[in-house]
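Taking it in order: structure first as structure tokens, then the write-up.
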Amino acid sequence: MKELKLVSINSRGGRSTVVEVEGVKVGKDFTIIAGPCSVENEEQTLFTAQKVKEAGANMLRGGAFKPRTSPYAFQGLGIKGLKILEKAKKATGLPIVTEVIDPRDVLWVCEYADVLQIGARNMQNFSLLKEVGKAGKPVLLKRGMYSTLQEWLNCAEYILSEGNPNIILCERGIRTFETYTRNTLDLSMVPAIKEVTHLPVIVDPSHGTGKASLVEPMSLAAVAAGANGLIIEVHYHPEQALSDKEQTLNPLLFAQLVRKVRSLHEFMKGLEEQAGSESR
Ligand code: PEP
Ligand code: MN
């Protein structure tokens, strides 16, 4: 692919990157990030965090700054939300993944975030990409909803060229003519990415489908496609969620998903090992 230097698979001689977040090795161990779309209050976040931890999640997600399509929709709690996430981390030990939407916020958000999320709407916000590149914290870079693979990887190149190699790519669906689903989850990107870059890639079936009923089947499909992990929206009472309730799982459904996903991942690993020994 043209213009790609540092993100190219050739730049690391074919070796894949493992992004380490407080002992969680993204790109090596299958990583499940879960939590509410938005941090709403302390009880909601702490309770949900405890539940996803018990179910086997590796990191906690939660938005304190929400990039909403409507200016009248809930915009997030800001600094108050980050302080709630800090408490949730203390209580559960789960590292925090949270979105940053303004370059001016990057440095101080780093005091609370273990992974800085760049949302689909901001994928090509180049001043934001440069700031997170300089900040040095691991970055979760979502695919823009109208972006090609080449455009997406160029954004990762921006971050890498500022000296930050700790990038996790996230396929979260793109806009197509289909309206039954919120987005069209482009799982072909998972093996495609692995052909061209050394960076790990995870899948977001919550935003990718917009429907809670489709999250588990697409999570399993993501595992089969070779994803390095998942990011999933979970809320202790999805019907009361202030954002994205239609695509949010309750803790029980999430726990079932984790069991199935982890056993499918083990099965896939077995198949890989078998294929490896046959070809030797
Ligand atoms: C989110 O993760 O809550 C979010 C807003 O995702 P995206 O940027 O993929 O729409
Ligand atoms: Mn959301």
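Order of appearance sets the numbers: ligands from 1, and atoms from 1 within every ligand. Numbering of residues begins at 1 and proceeds along the displayed sequence.
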Min side-chain heavy-atom separation N183-I174 under 4.5 Å: no
Y112-K83 side chain donor-acceptor pair, cut-off 3.5 Å: yes
For ligand 1, the residues whose heavy atoms come within less than 4.0 Å (ordered by chain, then number): C37, R61, K66, E99, Q117, G119, A120, R121, K142, R172, H207, E233
salt_bridge(K89, E22) N-O dist < 4.0 Å: yes
Side chain to side chain donor-acceptor pair (under 3.5 Å) partner of H235, chosen from K245, K51, E40, Q240: E40
Note: K66-D244 ion pair, threshold 4.0 Å (strictly below): no
Metal-centred angle, the Mn ion (ligand 2) as apex - NE2 of H207, OD2 of D244, 10° resolution: 90°
Minimum-distance atom from the Mn ion (ligand 2) among N, O or S atoms of E233: OE2
Y180: partners by side-chain contact (heavy atoms from CB on, under 4.5 Å), with sequence neighbours left out: E178, K211
Side chain proximity check, E131 to E162, heavy atoms < 4.5 angstrom: no
